[in-house]
Amino acid sequence: MQSQRQRNQNRRHQRRRRQPRRHRRRWIWLLVVVVLVACGWGFYASANHDKTVAQNRVTALAKSKANLTTVSNFFIYNQERTYYSVAGVNKKNQQLLVIVPAGSSKVTVLKQSSGITGREAIQVVQKKHQIRRVLHTALGIYRKSPVWEVAYYNTKGKLNYALVNFKTGKIVEKMNNL
């Protein structure tokens, strides 16, 4: 028959054996969480890499060819072709929009005062269509004319696109219920 002292020693010994298992589980869970966070960050960074590269390239082109001093917005337009655009202010304190086709250094410079803004393009679309939520606006070229692309969900929850002419403010193309 075991004495009280031996039983207590056995219990302590069993507890010591259990503790490392608990610690191992904690370390394994911690490792799993760290790996998942690292993978998530890696996917996010790689997904945004192309956008960041394009934004830096277009910003540099706009600053050198259109003499922009500050850049306030960056747009990506994908219709017939991909265009990158930036909005900013030049040395003469004029609001400018610069449009660059993907993979090209050809620059189209527009004075903001010569056309409508992205907000005004949204208002044009809202007058003609039932909009639940606007996803984005982007500036690009459609059939050799500058246009604002307005992407939105209608009241039925369907994705829609409207292209609004930059100079006239008229809708030139619609893609509904996608």
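Residue indices begin at 1 and follow the sequence shown. Just so we're clear, the structure is a prediction, and the values are computed from it rather than from any experiment.
- A heavy-atom distance below 4.5 Å is found between the side chains of Val89 and Gln95.
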Derivation of the ring pair (Phe, Tyr, Trp, His ring centres under 6.0 Å) call for Tyr142 and Trp148:
CA-CA 9 Å; Tyr142 180 74; Trp148 283 105; over 10 Å; no

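- Note that CD of Glu80 is 8.5 Å distant from CD of Glu173, once rounded to the nearest 0.5 Å.
- Of all the heavy atoms in Tyr153 and Leu135, the pair that sits closest is CE1-CD2, 3.5 Å.
- Under the 4.5 Å side-chain criterion, counting only non-hydrogen atoms from C-beta, Tyr84 is in contact with Ile76.
- With rounding to the nearest 0.5 angstrom, the CZ atom of Arg143 is 11.0 Å from the CD atom of Gln79.
- Of the listed residues (Val58, Val98, Thr69, Val71), just one forms a side-chain contact (heavy atoms from CB on, under 4.5 Å) with Lys63, and that residue is Val71.
- For the pair Asn177/Asn154, a side-chain contact is recorded, criterion being any heavy-atom separation below 4.5 Å from C-beta on.
- No donor-acceptor pair under 3.5 Å is formed between the side chain of Asn78 and the backbone N or O of Thr82.
- Taking OG1 from Thr52 and CZ from Arg57, the interatomic distance works out to 13.5 Å, rounded to the nearest 0.5 Å.
- To the nearest 0.5 Å, atom CG of residue Asn165 and atom OG of residue Ser145 are 5.5 Å apart.
- Taking 4.5 Å as the limit, every side-chain heavy atom of Ile141 sits out of range of all side-chain heavy atoms of Val147.
- Taking 4.5 Å as the limit, every side-chain heavy atom of Tyr83 sits out of range of all side-chain heavy atoms of Val100.
- Closest approach of Pro101 and Arg81 over heavy atoms only: CB-NH2, 3.4 Å.
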